[in-house]
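Just so it is clear, the model here is predicted, and its values are computed rather than measured. Naming: A, B, ... by sequence-line order, numbering from 1 per chain. Note: hydrogens, waters and symmetry copies are ignored here, and every other heavy atom, side chains too, is used.
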Amino acid sequence: MQLSQIAAIVGGRLVTKSGVGDTVCTGANPPDQAQPGQITMLDDPKKAAAIAPRIESSGVLAVVTSSETEAISCAQIVVADPHEAFAKIVAHFRPAIDDTPLADGVDPTATIHPTATVHPGVTIGADVVIGPRTRVRPGVVIMPRCKIGADCVIHPNVTLYEYTELADRVIIHAGTVIGAHGFGYRQQNGRHVPTAQLGYVAIESDVEIGAGATIDRGTYGATRIGEGTKIDNQVMIAHNCQIGRHNLLCSQVGIAGSSRTGDYVILAGQVGLKDHVTLGDHAIVGAQAGVMDDCVGNQVYLGSPATPQREQMQIMAVERKLPEMRREVKQLRRDLDQLTSRIAESSSSDSADSKTFPDHPDRSAA
Amino acid sequence: MQLSQIAAIVGGRLVTKSGVGDTVCTGANPPDQAQPGQITMLDDPKKAAAIAPRIESSGVLAVVTSSETEAISCAQIVVADPHEAFAKIVAHFRPAIDDTPLADGVDPTATIHPTATVHPGVTIGADVVIGPRTRVRPGVVIMPRCKIGADCVIHPNVTLYEYTELADRVIIHAGTVIGAHGFGYRQQNGRHVPTAQLGYVAIESDVEIGAGATIDRGTYGATRIGEGTKIDNQVMIAHNCQIGRHNLLCSQVGIAGSSRTGDYVILAGQVGLKDHVTLGDHAIVGAQAGVMDDCVGNQVYLGSPATPQREQMQIMAVERKLPEMRREVKQLRRDLDQLTSRIAESSSSDSADSKTFPDHPDRSAA
Amino acid sequence: MQLSQIAAIVGGRLVTKSGVGDTVCTGANPPDQAQPGQITMLDDPKKAAAIAPRIESSGVLAVVTSSETEAISCAQIVVADPHEAFAKIVAHFRPAIDDTPLADGVDPTATIHPTATVHPGVTIGADVVIGPRTRVRPGVVIMPRCKIGADCVIHPNVTLYEYTELADRVIIHAGTVIGAHGFGYRQQNGRHVPTAQLGYVAIESDVEIGAGATIDRGTYGATRIGEGTKIDNQVMIAHNCQIGRHNLLCSQVGIAGSSRTGDYVILAGQVGLKDHVTLGDHAIVGAQAGVMDDCVGNQVYLGSPATPQREQMQIMAVERKLPEMRREVKQLRRDLDQLTSRIAESSSSDSADSKTFPDHPDRSAA
């Protein structure tokens, strides 16, 4: 689709250096995921300088923005509401299929490799692709347009929402749900109105996901799980998260929206991550910790809020001694007060003495 | 069914002002949910005064009780074990169907609106009603007597236990389970014996529930989710909870039995609520907090046990400084001891001096 | 299979007292689960003395070990890598069936008691046995070689992986997954390689498991849930755990690998247990607590790390007063410094006075 056509669809004004709008745009993605030839979005003009380097280096074709900006050199489509306009563009490239009824069993438009094993009770939607030697167990539902690579195993009763992508050798255990709508709402007249959830989930090669886990789709682009990462049962990964390669995410971990982890990150059981935090490579977070801020890599973090191990261990050591410390503080007060009053008495008796000097000149005169 | 018939079923003594027992009772519900014309239960005579106003104002027809009470003016059925008797009555109005085998596919007694889309792989039990334009995805199991409104979407592999009620525009994501038995047991001869779990789940309009969530049925009446409330993935809501309207319950929140939230309550990720607590309107609870007591509304709560934000922030600020504070306490002790001994020495030298006065009269005499 | 055959399969050296290797071995299990006539493993020769009593008393036939040990009197098969060898032996007795495609519906080799009720939409694998009066709801998938007793209820969309054993009167609620692979990996060339997960899950009689729970299979033997234990929704129990009898595990509890609980243990909501910890009989752990070490029974534990109630209550009481305590410490410092400088002044004025003595001989001379 040409940029000029996209501008027309969203009722926007196209600004290009050449003045020509016939360049063909091949896709739409958020700034951190946009590929060469694609269009992206600048939701806040104040962020222009911050995202400009990424846009310049990525070969992005155009930006949807609410006001023309000098900071970005590529084509711009200027609209009143960039989110609304960008949602329209994304939906053009990845049409919503929520309302399409599913065929019984395997849709005739699906492409299943002859060496794949799909159980008869499985539902496979339109345009799904399944690679060689992949095994799909009973009760699995694969919604339209999912792409599944080679040698994957999808255990019973798993649900893959539309557009989910699994690379090769991905294992998904029973009851897990990939690609449900992100938990994003804006309030309007006292009601929570869902925001666009037009993205999808991309799972790279050699990822294993446990039973009863949930990974939500991105808002516009992909929620991504990096190559070789292992995810335990009942882990929750929210929309737009970018999980690095070779992570270990233990059971019942919860990661809120748009957070990122580097490579070789380990999150122990029941850890929680706030939204929009970033963990560096080789960061390790101890069980039940709550990560509230970015964490540099090659460090161990404990506690809620999560704190570098050394510091947190010191804090915890003192916490154990708090009752004793409280008694000591009370004792200090008593001792100090006693000392103070003893000195006051003694100095008042001193000063009484002192005063006696003039009163009893005879004494000094003694 | 007439009150006299109910009394006969449970082997109870009917006490009415009129002395007549032919009034027709239309249902059975716990005191906080009982409607006009229904029967309710007073499980402990000591609570009579407390629940009397609700009973008087609600138009309740009768109360099952272990001893006749003056505090309540409506009809009373006096029995030895009110729980056992009330369970029998509830089961009369909402018969247990656990043992009924389900038909394959859609039961012929189900009423499915012609505009609804039900995937062929779905199981729908006896007497289920499904409203206009509602879409039911593959792998969904809807047990007997569920009532589902208009424009709902039930995603793949969801289970609705018997008697579940969804109003209009309810969305339930994949793998979620509504209406399982509450976790209620009493100990008997060293074994945990399940208590009656005869209630159901009622979900009001415009509720959205994420993937892998679980909401248990009430003991006698409804576990209720209020209109417009949004529930994220892997949230757990236990039996008898009454969730208000327009709440936001983030991922992995757990709410124990019989708790209540007001309207516009927000619970962040991994929050836990103890059983039988109440949160006021617009209460906000921060991630991983543990609510142990009732919380008034229009306040932010943090920590475990959850504490008003201001107070908790102060506590947390000091916690970060605990190692420093401990050193300061130790230093205070050293400084104080040093001062004390210095004073002791000086005063002992003073007193020594003093003593020397008489011993060295020459000095004072100098 | 004879011991000599087993030794040949793993390429090991068989050491027996009699020198004869024709004794028949009936199974393979880890040391704590091995039965008479079975073979077990000693993965670290240093543990020989520790596990010797269990091996001697259990009637175990032989041990796979990396070096011959005097500490153990039974037959030994000496190999380079005991884990690899033992995995081969276990796989001989309990062959992996991951790659076997499942038949549609009920496999002809399954044995279903005529009084059992199996919904037509259920998938039942090869060699499964289902006992009298057991009910299996729609959407359930029972993988090959599971053994299910009498009077069980398996609610919709439950998945039982291969070799799962349910005794009698076991109830499993919707969406629960029993027997998925344990979360065990070793790192090799920068990648996480799954370790053997060849065990299974054994659930004893009268256990009830809530909705959306996950219980992983053992590494070589059984993850076991003891008789009469009740497990709430969304509980996670990792590989090799041995849960005692008549426990109550509340919602969202997470138990890491190889942990053990005694009888009548209660874990409140969202409690986490570290791997390899043991809780004594009648231990109670409060909501959201994190158990990091073994806990003796007949005690209540609170907090993270979990601490005996009395101690933790004292700590928490002081935590609430931390801001006040901090002010007091600061005030103590001010008061002490003031007192110190007052004394310094007074003693310097004293000493000044003292000094004045010699300087003003006239005064003492007065």
Among the listed options B:Leu102, B:Leu332, B:Val177, the residue most often paired with chain C at heavy-atom distances under 4.5 Å
B:Leu332
Among C:Leu249, C:Val118, C:Leu339, C:Ile171, which residue forms the greatest number of heavy-atom pairs with chain B at distances under 4.5 Å?
C:Leu249
Examine whether an atom of B:Thr123 lies under 4.5 Å from a heavy atom of chain C, and if so say whether it belongs to the side chain, the backbone or both; otherwise answer neither.
side chain
Under a 4.5 Å cutoff for heavy-atom pairs, which residue among B:Gly179, B:Ala213, B:Ala289 has the most contacts with chain C?
B:Ala289
Region of C:Glu324 in contact with chain B, defined by heavy-atom distances below 4.5 Å:
neither
Top contributor to chain C interface from B:Gly212, B:Gly254, B:Ala180, B:Gly190 [non-hydrogen pairs under 4.5 Å]:
B:Gly190
Does a donor on one side chain sit under 3.5 Å from an acceptor on the other, for C:Arg320 and B:Thr307?
yes
What part of C:Asp335 is in contact with chain B, defined as an atom under 4.5 angstrom from a non-hydrogen atom: side chain, backbone, both or neither?
neither
What part of C:Thr117 gets within 4.5 angstrom of chain B, counting heavy atoms only: side chain, backbone, both, or neither?
side chain
Considering only heavy atoms and a distance below 4.5 Å, find which of C:Gly121, C:Ala211, C:Gly139 pairs most often with chain B.
C:Ala211
B:Thr219 (side chain) donor-acceptor with B:Gln197 (main chain) under 3.5 angstrom:
no
Which answer fits C:Asp263, side chain, backbone, both or neither, if we ask what part of it has an atom under 4.5 Å from a heavy atom of chain B?
neither
Between B:Gln188 and B:Arg191, is a side-chain hydrogen bond (donor to acceptor under 3.5 Å, both in side chains) present by the stated rule, with each step listed?
CA-CA 5 Å; B:Gln188 197 172 37; B:Arg191 307 186 76 86; over 6 Å; no
Heavy-atom distance under 4.5 Å to chain C: side chain of B:Ala317, backbone, both or neither?
neither
Which atoms of C:Glu319 come close to chain B, meaning under 4.5 Å heavy atom to heavy atom: side chain ones, backbone ones, both, or neither?
both
Would you mind checking which part of B:Ala238 comes under 4.5 Å of any heavy atom in chain C, side chain (CB onward), backbone (N, CA, C, O), both or neither?
neither
Pick from B:Lys274, B:Gln314, B:Glu328: which one has the most heavy-atom pairs with chain C under 4.5 Å?
B:Glu328
Quick one: of C:Gln288, C:Lys321, C:Glu227, C:Met316, who has the most non-hydrogen atom pairs under 4.5 Å with chain B?
C:Gln288
So which part of B:Val253 gets closer than 4.5 Å to some heavy atom of chain C, the side chain, the backbone, both or neither?
backbone
By a 4.5 Å heavy-atom criterion (distance strictly below it), what part of B:Val193 contacts chain C: side chain, backbone, both, or neither?
neither
Heavy atoms under 4.5 Å from chain B: which residues of residues 228-237 of chain C carry them?
C:Gly228, C:Lys230, C:Ile231, C:Asp232, C:Asn233, C:Gln234
Verify, without hydrogens or angle tests, whether C:Thr261 (side chain) and C:Leu279 (backbone) share a donor-acceptor contact under 3.5 angstrom.
no
Most heavy-atom pairs under 4.5 Å with chain C, out of B:Gly303, B:Gly290, B:Gly182, B:Gly105, belong to B:Gly290
Mutual orientation of the aromatic rings belonging to C:His173 and C:His155 [parallel < 30°, tilted 30-60°, perpendicular > 60°]:
parallel
What part of C:Met325 is in contact with chain B, defined as an atom under 4.5 angstrom from a non-hydrogen atom: side chain, backbone, both or neither?
both
Distance-only polar pair, side chains of B:His181 and B:Tyr161, donor-acceptor under 3.5 Å:
no
Options B:Thr176, B:Asp275, B:Val271, ranked by heavy-atom pairs under 4.5 Å with chain C, top entry
B:Val271
Residue part contacting chain B, namely of C:His246, when any heavy atom lies under 4.5 Å:
both
Side chain, backbone, both or neither of C:Arg245 within contact of chain B (heavy atoms, under 4.5 Å):
neither
What part of B:Ala174 lies closer than 4.5 angstrom to a heavy atom of chain C: side chain, backbone, both or neither?
neither
